[in-house]
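Written below as structure tokens is the structure these notes are about.
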Amino acid sequence: MSEHGAKPRRPLEGVRILDLTWLQVGPQATRLLATFGAQVIRIEWREHKAIDFIRYVPPFAPDHATAEGGRSQGVTRGRGIRGNYNRSAYFNNTNPGKYGITLNLNHPKGRDLLRRMVRDANAICENFSPGQMDKWGLGYEDLRKTNPRIIYMQTTGLGKAGVYRDYVSYGPTAQALSGLTFLSGLPEPRPPAGWGYSYLDHSPGYFGAIMLMAAIRRQRLEGSGCYIDMSQSETGLMLSGTSTLEHQLTGKPTARCGNRMPYRDWSPHGAYRCSGEDHWIAISIQSDDQWRALVEEMDKPAWALDARFATAASREQHEDDLDAKLTAYTIGCDRYQLMNRLQARGIPAGVVQKAPDRFDRDPQLKARGYFVDLPQSDIGTWPVEGFPAKLSRSPADVGGLTHRAAPKLGEDNELVFGELVGLSMAEIATLREEGVI
Amino acid sequence: MSAGNLSDSLAGFTILEIGEQPGDYAALLLAGLGAEVIKIEPREGTESRRIGPFVSESRDREESLFFWRYNLNKKSAVLDADAPSSASTLAALASRADIVLLSGEYETVRRRLPLWQKLAAENPRLIVCTITPFGLDGPYRELKTTDLVQMALGGIMAVCGYDPDKEHKYDTPPIAPAMWHSFHLGGEYAAIAIMAAINFRELTGEGQLIDVSVHEAVNTCTEIAIPTYIYSGQVVMRQTARHAATIITHARLTESADGVYMLASISPFVREQRALTELADQLGIAHVLGTAEFTQLDKDDAGAAALYRNDILVQIIAGLKADDLFHRAQSLGLAWSPIRRPEDNLNDPHFAARHTFAEIEHPEMGRTLRYPGTVASDGHDPHFSYTRRAPRLGEHTEEILRRAGVTQREKNL
């Protein structure tokens, strides 16, 4: 407890995570553990082909951004400053609160060093292709001999066990297989719209954090280890709602329904165009009362008083026509003004917000302090996305133990190899010369 | 079960769940790890029982597939959470509970919270977690929302949908990509925060109040949209089944011989070029891939070479059925997949081998249904375990009231 000026305690204090994950699917889980006070040590290798892809995809911090500055120096499109892997926006947002070291696992001394670190670690996470760690002699069965208490989490597209264990996959591959891509979009014959990003690179982060914290608690209490073979496609199935159940009962193939709501008597229900370029508002009418309130707000146009639109069931029957007529109204409205007017009448309505709307305007995110400013050692202070809950006694802190955004490549080599592993400066220098760190 | 399996890792934990959809999902996840979840329902049943699809036209509250899916392993006790007469029973339950989940509209949760804060003062180990549309404070806290509205305000809709035209104008709306997804996100983050609070309690003996905002949960999940804007001032554009980006990327949805869209692409990597050549040869498609002529084209005009490769790719996909294509491409190291319906996986041998689907008996129907039941395996068994169908309304009222020390006579009063 933090009384009498003592340092506030964090849920995962004293927990050390070796983080061999890269891209997006693995680092999300370890980001959440860092948020709750785990010492997350991100292990990378500096060879060009091995560098985390998202370190060198745009956008980058503007070229003029410096360690002492940051966003306050102004925003422009940065080139990344060629060959510099420490300026990526997305990497910085994905890896705050983590320590960063370099370690060459293709070198026998690198693998020895990792085994040595495993001795004192609580968990190790990786998302290499299935079998890569085994090839290095660093799979779960190997590492548990070094540390029987180790928690080992591996994330792959399909899972390490099973018929397709050798199949290759990116997030979108797993997502397509799982059914999640199919579910998104307007009804057939339109193709699926899919997701505008790789959702199955996010979802395992959430499940991973839940499972790791369950395993850490038990490890603390009982000293037991744990092996977690997470499958991205299974996380997709977990989120596929009721479609597999409905299919078993009716035999009918799952159908997409756009933004409509086939499972409640809610109509109209969709995104409607407003004035302005690509401006939309989502409206969900949940009852006839709300419908009547909407009609009032529109000043009772004749079409809206048509008996076809009087009840939810009837509105659903004529939903194409209803949507067209409602759009003819919304298209003349400013999106936020319309949202406020509808909300004032108790109608669920919200602007389809884009990034500038959320970052610059959204008063709720501002009031809750959702975006968190954190420094990065080269590009200065930038906002990162926060944690979506307030905890009264052990607050989430995306800056973790480092109080920083993402680490530069190998930024903490001396700290980790020196203070934590216990190597001398001379030993560290030698390892560096030998291409081990 | 192997050592380290997590499906009993929360054994001994009791969760009281009061409220609506995001709470359903959060508690489902914790129930899969072994926690006992007691759903406190009003006499008419929770809102979730009114969400379809239903088993039959009657829309009976015992036949909501939504309720079934999100309430496996749980117990149901009928008790009016808002009635003063329930206070002593709730107090008795709270004194032995570990976690209380309160979800729903702000106004409802705000009204219920003081009782639970008082009970938490009496049982300081109690973790009270609220899940509301916007959190317990801030100017939007009272706004009316649905899943769709949260997906709009939270930013996911703006990055999902179909390609614009050549002038980058859209004639299709942004799309909410999966139903109930804002509740999934809110529920997942609630479970994460609860796991953190449980670990904190092991260290300190203290419970706490957790205030989850579904709006913020949705906001965490738009990938590159926010960093792109913060660092460069640019806004990403939604595009069909591809990442939203600041430029419109190459379209890539193609139908297989049996009319299934494939997720398939070819990168410039040599390994993938070879695999494409191999597939074209297997199908007897005439091509110049791998010839000196094509190598020269690639050097002189990479764009033209990419178009040519794409043409071959389309012919390959159109020439095979989806599953055949999937396995052939994968055997050559290509990360391709058919865009399946979720149910296409029910009989897939891979998921059968991993026990991905939990077999749940429904004695009232005299049959077993398979539910997506885990996201990970310990190498042998799933880390999440679901064994019991969702409870019927009040199925466990007697058991729970007895545990709270309420006698039959008091109940009848």
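Fair warning: this is a prediction, and the values are worked out from it, not measured in the lab. Chain A is the first sequence line, chain B the second, and so forth, proteins listed ahead of strands; every chain is numbered from 1.
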NZ/NE/NH1/NH2 to OD/OE distance under 4.0 Å, A/Asp278 and B/Arg238: yes
Part of A/Gln248 lying under 4.5 Å from any heavy atom of chain B: both
Among A/Ala174, A/Gly179, A/Ala65, residue most engaged with chain B (heavy-atom pairs, under 4.5 Å): A/Gly179
Side-chain heavy atoms of A/Tyr206 within contact of B/Ile192, under 4.5 Å: yes
Chain B contact via A/Arg77 - which portion, at a heavy-atom distance below 4.5 Å: both
Residues that B/Thr240 engages under side chain to side chain contact (heavy atoms under 4.5 Å, CB included), provided they are two or more places apart: B/Tyr162, B/Asp163, B/Arg242, B/Leu253
Within-4.5 Å side-chain heavy-atom neighbours: A/Thr173 and B/Gln330: yes
Toward chain B, the part of A/Phe36 with a non-hydrogen atom under 4.5 Å: side chain
For B/Ser9, all residues meeting side chain to side chain contact (heavy atoms under 4.5 Å, CB included), sequence neighbours excluded: A/Ala214, A/Arg218, B/Leu6, B/Leu33
Residue B/Met151 versus chain A: region with a heavy atom under 4.5 Å: neither
Aromatic plane relationship, A/Tyr164 with B/His327 - under 30° parallel, 30 to 60° tilted, over 60° perpendicular: tilted
A/Phe207, part contacting chain B, at a heavy-atom distance under 4.5 Å: side chain
Within-4.5 Å side-chain heavy-atom neighbours: A/Leu239 and B/Glu188: yes
Which portion of A/Gln219 sits near chain B, non-hydrogen atoms under 4.5 angstrom: neither
